[in-house]
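For the single chain, residues carry numbers from 1 onward in sequence order. In what follows, every heavy atom counts, from backbone to side chain, and hydrogens, waters and symmetry copies are set aside. Just so you know, these numbers come straight off a predicted model, no measurement behind them.
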Amino acid sequence: MAKSFTGSAEGSTMGYIHCCGGLRKTRSFRLLPEDDFVLCELDYLYKCPVCGHTTVQLTRINKQNEISTIRRINQKALKFFERIKDKILYEEKRIDYSKQHYGTFYLYYNEYGVKKRCYSNLKNLKIGAKSLI
């Protein structure tokens, strides 16, 4: 299966290769485009967790927005990767948003003489509300 692109060269895409009935996360490399191609990307799966195959897939888009893929497995994949290693511009790094640390700032406010913390629900605040007593 071909890899889906976001449509822009600057967009951060996560590399996937379809192997053994599932999408497997890969290392993605951006290559120097040659000939009539606009975008070239290489996905490298070191070892499939199900079958254990090493897979390399080169995906290219030409000026007519036609996608072509070249896929190699095991020893042919390693030879193919070594042959085009010098054309790699950079490796695409994924950002893991789940590990970002956020601040612990709380907005303190005083409601009827009691000091409270405002977490995120601002519509329930009764700052300046007149008491019914």
Side-chain angles (χ1 to χ4, degrees):
M1 297 289 301
K3 180 182 175 180
S4 62
F5 287 95
T6 59
S8 67
E10 291 83 18
S12 178
T13 60
M14 180 177 285
Y16 289 101
I17 290 181
H18 191 269
C19 185
C20 299
L23 291 174
R24 312 291 177 209
K25 291 181 184 178
T26 62
R27 291 177 62 190
S28 292
F29 300 96
R30 195 58 60 98
L31 300 177
L32 182 67
E34 293 181 351
D35 300 330
D36 196 27
F37 296 105
V38 177
L39 183 68
C40 296
E41 195 165 299
L42 179 78
D43 293 316
Y44 177 69
L45 177 64
Y46 176 70
K47 184 178 179 181
C48 175
V50 177
C51 63
H53 288 164
T54 300
T55 307
V56 172
Q57 181 171 315
L58 175 66
T59 307
R60 304 178 294 185
I61 298 179
N62 63 8
K63 293 180 181 176
Q64 291 79 27
N65 284 336
E66 297 170 348
I67 297 176
S68 65
T69 60
I70 299 171
R71 184 179 174 119
R72 302 286 186 255
I73 298 174
N74 292 333
Q75 290 300 321
K76 290 184 180 181
L78 295 175
K79 289 178 185 176
F80 183 71
F81 185 71
E82 290 295 324
R83 189 174 47 181
I84 62 173
K85 191 182 261 188
D86 58 336
K87 297 177 185 175
I88 294 176
L89 295 176
Y90 59 91
E91 180 178 0
E92 293 181 1
K93 297 289 184 182
R94 296 185 294 272
I95 299 172
D96 189 8
Y97 291 103
S98 64
K99 293 183 180 178
Q100 286 187 351
H101 301 291
Y102 297 102
T104 57
F105 173 76
Y106 298 106
L107 176 64
Y108 289 99
Y109 67 98
N110 194 348
E111 184 179 24
Y112 307 118
V114 179
K115 191 173 180 182
K116 295 185 177 182
R117 278 186 179 176
C118 173
Y119 293 96
S120 63
N121 195 357
L122 297 176
K123 70 178 185 178
N124 290 336
L125 285 179
K126 297 177 182 167
I127 297 176
K130 294 183 180 181
S131 64
L132 299 174
I133 303 175

| task | Evaluate the criterion side chain to side chain contact (heavy atoms under 4.5 Å, CB included) for residue pair Arg72 and Leu78; output intermediate values, then yes/no. | result | CA-CA 8 Å; Arg72 302 286 186 255; Leu78 295 175; over 6 Å; no
| Quick one: does Cys19's side chain get under 4.5 Å of Gln57's, heavy atoms only? | no
| message | With a 6.0 Å cut-off (strictly less than), is the heavy-atom count around CD of Gln75, excluding the residue itself, greater than 12? | response | no
| Hey, what's the ring geometry for Phe81 with Tyr44, parallel, tilted or perpendicular (30° and 60° as the breaks)? | parallel
| message | With a 4.5 Å cut-off on side-chain heavy atoms, are Ile84 and Ile88 touching? | response | no
| field | For Leu39 against Arg30, the heavy-atom pair lying closest together | value | CD1-NH1, 3.3 Å
| message | Hydrogens and angles aside, do Ser28 and Asp43 bring a side-chain donor and acceptor to less than 3.5 Å of each other? | response | yes
| task | Could you tell me whether the side chain of Phe29 reaches within less than 4.5 Å of the side chain of Val56, counting heavy atoms only? | result | no
| note | Heavy atoms of Cys48 and Arg24 approach each other most closely as SG-NE, 3.9 Å
| said: Please find the pair of heavy atoms, one from Cys40 and one from Arg60, that lie closest to each other, and give the distance. | reply: SG-CG, 3.8 Å
| query | Taking side chain as C-beta onward, heavy atoms only, is Leu42 less than 4.5 Å from Arg27? | reply | no
| Within one Ile-Leu-Val-Met-Phe-Trp-Tyr cluster: Leu32 and Tyr90, side-chain cutoff 4.5 Å | yes
| field | Spatial distance of atom CG (Asp86) from atom CG (Leu31) [nearest 0.5 Å] | value | 10.0 Å
| task | Could you state whether Ile67 and Leu58 fall into the same hydrophobic cluster, counting links through intermediate Ile, Leu, Val, Met, Phe, Trp or Tyr residues with side-chain heavy atoms under 4.5 angstrom apart? | result | no
| query | Does any N or O in the side chain of Thr54 come within less than 3.5 Å of the main-chain N or O of Tyr46, such that one atom is a donor and the other an acceptor? | reply | yes
| query | Taking all non-hydrogen atoms of both residues, which atom of Lys25 and which atom of Leu45 are closest, and how far apart? | reply | O-CD1, 3.6 Å
| said: Check Glu82 with Lys85, please: is the shortest side-chain N to carboxylate O separation under 4.0 Å? | reply: yes
